[in-house]
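Please read the structure below before turning to the comments.
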Amino acid sequence: MSKSYLKVKNVKKFMILMNKRDIDAKMKYGDSIIKMEGIIVEVEDGAVAVDFKGRLGYLKVPKRMIICDYPLKVGQEVGLKMSFLEVLSPEVNEKYISNLAKKEIKGG
Amino acid sequence: MSITNETAQEHINDLAVLCCRTEEGTILAPSNLEDPNILPDLEDSGLLEIPSDNLKIGEVLGAKLLKTVDSLTPLTPDLLEGIKELTAESESEEDQDNKNQQKKISEQSSSADNLVEDQIKSKQTTSNFSNGIVKIHIGEGKDINLEIPIGLSGVNAGENTIVNSNDGAEHSLQSEKVESPAEESLTKEINEDKKIRSLTKKHFQIDEVEIGDETKIEGTTLYLRENICQDAVGADDLVCSIKFDIITPADYDKYSETIMDVQPIATKEEDCNLGEGVTRVLDGVVIVVTGTDETGVQIGEFGSSEGILERNIMWNRPGAPDKGEIFIKTEVIIKEKTNMERPGPLAAHKASDFITQEIRNALKEVDDSLVTKEEELTQYRRPAKKKVVIIKEIMGQGAMHDNIILPIEPVGILGGEPNVDLGNVPLVLSPLEVLDGGIHALTCIGPASKETSRHYWREPLVKEIMADDELDLAGIVFVGSPQANSEKFYVSKRLGMLVETMDVDGAFITTEGFGNNHIDFASHHEQVGMRGVPVVGMSFCAEQGALVVGNKYMKYMIDNNKSEQGIENEILSNNTLCPEDAVRAAAMLKAAMFGADVKEAERHFNHHVKDKNIDLIEEETTREVELVPNEQILPKSKKRQEIYDTDE
């Protein structure tokens, strides 16, 4: 995008806005929302784990990210809407690779 | 979707759009109209275009339609006969109401800061006098109640704006100034700022941290006993091992496990209770708690935020280390599979605290001659001013979602009670107890928005309001956020009752991070707001932390976001409450309490709102508000460089 095209006084602020939509722009299917159901399979003091029905995966989240009216129990069903996971770019993030390597050394 | 009569009355000032195809000659009733709440969505999706002469619901009810039109037609004067005129009186009254109702979740969330604008109109004024207080009521639906003590020489700045704009009120004030001298001195006494208690912080500078034979402080060097870790392991059965690293600025480029907490090193002098007396504190050095379980899994791990220190820390945030400080970084290894259970994270904190306690004991012995700075914090009550309370919602879902409240030592463990064990019910702390390390945060997920122990030690909102001589800070209420909604509403109702007994004029409610804690955050607003108390809410929201629920009391919101993308960006303390947020919150609450207009939030997050508010505050108060930098100043990985440097 050439600067002459941007008839915006404050180019920097405009670019900030553009960056904000960075992830949105990279996702092609972000609005294809599907309904998922799952079963709570683990309740820990700080986390809850869920198996998606239909062998569609497993999700573990901090307790803060799950909303419930009553105390959590293994076997309760949960519902959520999600879209598909899209890979944002072919590049790998070196930071996360090195973190993973460190963990492997440690955990043996 | 048509609306009910009730909804129509609530939205009398909102735009009227037909919900269904309607025949010529129909006398319009609420059942013909579309729900005003969904109009913005329809507009966004392109299904609807609002013309400039779109009539309001109040104007079209009872009017006759002149021709048959399709659904989703905005009603304009050329389509109708018998349009009603809305009276000015009802307009302003409804306007207010309407604004409240109209707040939709998305609006709420996305954004936050509303513009503070001082526009005070008043038509009717009634005043009466009782017990030495002039009570002025300004009508026009805004319900501004001013309590101005007689004999107060010079009305303070906040009140001034309003009183001056209102000739009637000023006049009545003048006339009531005739009173006996005895009464005058009495009221003066009542109205004077009252000193409640004070806390002295004695600062000791540390420039070097070394390993030695015993833990001691000599000059500006702190020596740590070399075999201290052997004893620290015994702090809890779950601790397998502990080690610590001394991180000087030269080591900032080193790898670190996820930072669990940042803590000041401070201790009480003999016979002093937390929150008063004398506290000794080390400057230039902080405790940083990190840890994993035996298999290398981070404590409280959900995805990684470990990495190079200088890329992961937003320096100088209230809750983060300051650039240039030395870290005593502990690394606690706890038993396998205990990283998500309550005793696990607590054990890591206990083991780290063992080391801190030994430093505290050494600090108690240090001679006063080494004090580099003495800071006196005084808590005042200001009976003549608007009484406000700060409500801080803390996490209480369990495990690392927990806080130890009021330990004996600043940010210690011994003597404190976890808020989860206390049932998360509201507790009142004095502002000085908060600033003296009364909260030891186990500090859960979301590095960018979590409030560390050091955050409470330097809490900017508490400091700002304590120092504000236009406000009377009643106290700080801490309320936990339990897991289940049934428990959330239980604690929220207790909070409402507590606030009711306090007779406050305004309240701040803050929360850290986002997630189900936003449910209680909304409920707290309702419980306080329904008692007629204006509430300013503060949270990280922006793009990712959008509120999940909203209600009509959530109209004054401050967004703590600092990140460029409006997300949880894994940088410690980046999106936490900073002095600039406290300044905006104070200005907004004052505007709300004095009945000034606060503009409605925009539908989507827009950080310009914040800039504009800051400009406005600077203009009005001639005070310069310094804005903190964000993650852009940190060294970037190649990846991040690519993302952010597109404007070069």
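Naming: A, B, ... by sequence-line order, numbering from 1 per chain. Heavy atoms only: backbone and side chains are in, while hydrogens, waters and symmetry mates are out.
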Donor-acceptor contact below 3.5 Å, side chain [X] vs main chain [Y]:
X      : Y      : value
A:R64  : B:F514 : yes
B:Q483 : A:I66  : yes
B:S486 : A:Y70  : no

message: Measuring from atom CD1 of A:I67 to atom NZ of B:K488, what distance do you get when rounded to the nearest 0.5 angstrom?
response: 8.0 Å
task: Report the distance from atom CG of B:N517 to atom NZ of A:K63, rounding to the nearest 0.5 Å.
output: 14.0 Å
field: Taking every non-hydrogen atom, the tightest pair across A:P71 and B:A484
entry: N-CB, 3.8 Å
field: Closest heavy-atom pair and its distance - B:P343, A:D45
entry: CD-OD2, 4.1 Å
task: Would you indicate whether B:K493, at its atom NZ, is surrounded by more than 12 heavy atoms from other residues, nucleotides or ligands within a distance under 6.0 Å?
output: no
query: Does atom CG of A:L85 have more than 12 heavy-atom neighbours, drawn from other residues, nucleotides or ligands, at distances under 6.0 Å?
result: no
- prompt: Side chain, backbone, both or neither: which part of B:Y255 has a non-hydrogen atom closer than 4.5 Å to chain A?
  reply: side chain
- prompt: When heavy-atom pairs shorter than 4.5 Å are enumerated against chain B, which of A:A47, A:S98, A:G46 gives the highest number?
  reply: A:G46
- request: Quickly, which of B:M340, B:R342, B:K337 forms a side-chain contact (heavy atoms from CB on, under 4.5 Å) with A:E44? Name it, please.
  value: B:M340
message: If I measure from the heavy atoms of chain B, does A:L72 come under 4.5 Å with its side chain, its backbone, both, or neither?
response: side chain
